Engineer: 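Dropping a structure here in structure tokens format, bear with me for questions.
If you read the sequence from its start, that first residue is 1, and numbering goes on from there. Remember, it's a predicted structure, so these values are computed and weren't measured experimentally.
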Amino acid sequence: QVQLVESGGGLVQHGGSLRLSCAASGRTFSTYAKGWFRQAPGKEREFVAAISRSGVSILYADSVKGRFTISSDNAKNTVYLQMNSLKPEDTAVYYCAAKEANWGLVIISSYDYWGQGTQVTVSS
């Protein structure tokens, strides 16, 4: 099993940047595919970005493509989400997740482990 803890959320102005971190404890993080998801008030949780176990396959939601970057430092057991050019519509609780299967990276229900979430608020 793996335990996930997110950090790095906060309040930022429109156009600003934040970097989220997700630290893992337990099994070696390199054996998991990792993803970032978000949930805005009154909306369903949605896919943001994901990275395969090897890091070769990286996927982004269309809404964040070109603005967000997912990366993984397996030596530090940490996955990051660099968020640039933030918009008010990016406001949400952001969750990291991990799974052993290396397929279906955009499928929320396929993830086995979840962090507690970190709030990101973008002011207009």
Side-chain angles (χ1 to χ4, degrees):
Q1 289 198 353
V2 64
Q3 293 77 43
L4 306 173
V5 179
E6 301 99 333
S7 61
L11 174 64
V12 64
Q13 289 188 338
H14 188 176
S17 297
L18 282 175
R19 188 176 81 155
L20 305 184
S21 300
C22 175
S25 60
R27 281 178 55 184
T28 304
F29 212 22
S30 60
T31 61
Y32 294 90
K34 282 82 75 174
W36 285 95
F37 299 83
R38 66 186 181 187
Q39 187 166 17
K43 294 188 177 181
E44 293 187 352
R45 193 170 298 188
E46 65 176 4
F47 167 76
V48 175
I51 186 167
S52 63
R53 288 198 300 250
S54 66
V56 171
S57 180
I58 293 177
L59 301 173
Y60 295 99
D62 288 343
S63 59
V64 307
K65 204 170 292 184
R67 300 187 298 121
F68 291 11
T69 303
I70 187 171
S71 61
S72 182
D73 186 337
N74 290 328
K76 295 184 178 180
N77 265 13
T78 302
V79 62
Y80 303 97
L81 185 68
Q82 177 66 43
M83 305 186 295
N84 299 328
S85 302
L86 282 161
K87 305 174 182 179
E89 51 263 44
D90 294 319
T91 295
V93 177
Y94 283 71
Y95 299 89
C96 72
K99 62 176 182 173
E100 296 181 15
N102 210 31
W103 51 265
L105 298 181
V106 306
I107 302 174
I108 294 174
S109 60
S110 69
Y111 283 79
D112 303 306
Y113 307 101
W114 290 84
Q116 82 290 349
T118 185
Q119 177 71 47
V120 171
T121 303
V122 184
S123 63
S124 56

Engineer: What pair of heavy atoms forms the shortest contact from L81 to A49, and how long is it?
Structural biologist: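 Closest pair (atom of L81, atom of A49, distance): CD1-CB, 4.1 Å.
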Engineer: Strictly distance-based, threshold 3.5 Å: is any side-chain N or O of E46 a donor or acceptor partner for the main-chain N or O of R38?
Structural biologist: no
Engineer: With a 3.5 Å distance limit and no angle check, can you tell me whether T118 reaches the backbone of G9 through a side-chain donor-acceptor pair?
Structural biologist: yes
Engineer: Would you find more than 12 non-hydrogen atoms of other residues, nucleotides or ligands less than 6.0 Å from K65 atom NZ?
Structural biologist: yes
Engineer: Hydrophobic clusters here meaning ILVMFWY residues chained together by side-chain heavy-atom distances under 4.5 Å, can you tell me if V48 and Y113 are in one?
Structural biologist: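 Yes, because V48 and Y113 connect within a single hydrophobic cluster, where side-chain heavy atoms sit under 4.5 Å apart.
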Engineer: Measure from NZ or CZ of K34 to the centre of the six-membered ring of F29 and say whether it is under 6.0 Å with the direction within 45° of the ring axis.
Structural biologist: yes
Engineer: Show the nearest heavy-atom pair for residues M83 and V120, with the distance to one decimal.
Structural biologist: CE-CG2, 3.8 Å
Engineer: Judged by atom type as modelled, is there a donor-acceptor pair below 3.5 Å linking the side chain of R45 to the main-chain atoms of I108?
Structural biologist: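 Not at all, since once roles are kept as given, no pair shorter than 3.5 Å links the two residues.
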Engineer: Evaluate N102 against Y32 for side chain to side chain contact (heavy atoms under 4.5 Å, CB included), listing each step before the verdict.
Structural biologist: CA-CA 8 Å; N102 210 31; Y32 294 90; over 6 Å; no
Engineer: Between the main-chain N or O of C22 and the side-chain N or O of E6, is there a donor-acceptor pair closer than 3.5 Å?
Structural biologist: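 Flag not set: sc E6 to bb C22 has no pair under 3.5 Å.
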Engineer: Quick check: are there more than 12 heavy atoms from other residues, nucleotides or ligands sitting under 6.0 Å from CD of E89?
Structural biologist: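 Above 12, so yes.
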Engineer: If I take atom OG1 from residue T28 and atom CG from residue N74, how far apart are they, to the nearest 0.5 angstrom?
Structural biologist: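 Here the rounded value is 9.0 Å.
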Engineer: Is there a side-chain contact between D112 and Q1, using heavy atoms and a 4.5 Å cut-off?
Structural biologist: no
Engineer: What is the minimum heavy-atom distance between L105 and I51, and which atoms define it?
Structural biologist: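 Shortest heavy-atom contact: CD1-C, 4.2 Å.
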Engineer: Is it possible for you to say whether V5 and Y94 belong to one hydrophobic cluster, with membership spreading through side-chain heavy-atom contacts below 4.5 Å?
Structural biologist: no
Engineer: How close do A98 and V2 get, heavy atom to heavy atom, and via which atoms?
Structural biologist: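 That would be CB-CG1, 4.4 Å.
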Engineer: So Y111 and F37, would you call those rings parallel, tilted or perpendicular, with 30° and 60° as cut-offs?
Structural biologist: perpendicular
Engineer: Are the side chain of S110 and the backbone of G104 linked by a donor-acceptor contact shorter than 3.5 Å?
Structural biologist: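 A pair under 3.5 Å: yes.
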Engineer: Please determine whether side chain to side chain contact (heavy atoms under 4.5 Å, CB included) holds for the pair I107 and F47, giving the CA-CA distance in whole Å, both sets of side-chain angles, and the decisive distance to 0.1 Å.
Structural biologist: CA-CA 8 Å; I107 302 174; F47 167 76; over 6 Å; no
Engineer: Write down the atom of Q119, the atom of T91, and the distance for their closest heavy-atom approach.
Structural biologist: NE2-CG2, 4.0 Å
Engineer: Measure the OH-SG distance between Y80 and C96 for me, rounded to the nearest 0.5 Å.
Structural biologist: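 Taking OH in Y80 and SG in C96, the distance rounds to 12.0 Å.
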Engineer: Does the Q39 side chain pair with the main chain of A92, one donor and one acceptor, at a distance under 3.5 Å?
Structural biologist: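 Between the backbone of A92 and the side chain of Q39 there is no qualifying donor-acceptor contact (under 3.5 Å).
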Engineer: Can you tell me which residue pairs pass the side chain to side chain donor-acceptor pair (under 3.5 Å) test with a partner in residues 13-26, sequence neighbours excluded?
Structural biologist: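 Output for this query lists Q3-S25, S17-N84.
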Engineer: Could you tell me the separation between the CH2 atom of W103 and the OG atom of S57, rounded to the nearest 0.5 Å?
Structural biologist: 14.0 Å
Engineer: Report whether V64 and V106 are members of the same hydrophobic cluster (ILVMFWY, side-chain heavy atoms less than 4.5 Å apart, transitive linking).
Structural biologist: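 Per the 4.5 Å side-chain linkage, V64 and V106 are not co-clustered.
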Engineer: About how many Å separate CG of L20 and CG of L18, when rounded to the nearest 0.5 Å?
Structural biologist: 6.5 Å
Engineer: Could you tell me how the ring of W114 sits relative to the ring of Y95: parallel (under 30°), tilted (30 to 60°) or perpendicular (over 60°)?
Structural biologist: perpendicular
Engineer: Grab the two heavy atoms, one from T78 and one from A23, that are nearest each other, plus how far apart they are.
Structural biologist: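 The pair with the smallest heavy-atom distance is OG1-CA, 4.1 Å.
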Engineer: Would you tell me whether S71 and D73 have side-chain atoms, one donor and one acceptor, within less than 3.5 Å of each other?
Structural biologist: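 The answer is no; no qualifying pair exists.
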Engineer: For R53 and S30, indicate whether the former's side chain and the latter's backbone hold a donor-acceptor pair under 3.5 Å.
Structural biologist: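 No; judged by distance alone, with no hydrogens or angles, the pair does not exist.
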Engineer: Measuring from atom OG1 of T69 to atom OH of Y60, what distance do you get when rounded to the nearest 0.5 angstrom?
Structural biologist: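 One gets 4.5 Å once the value is rounded to the nearest 0.5 Å.
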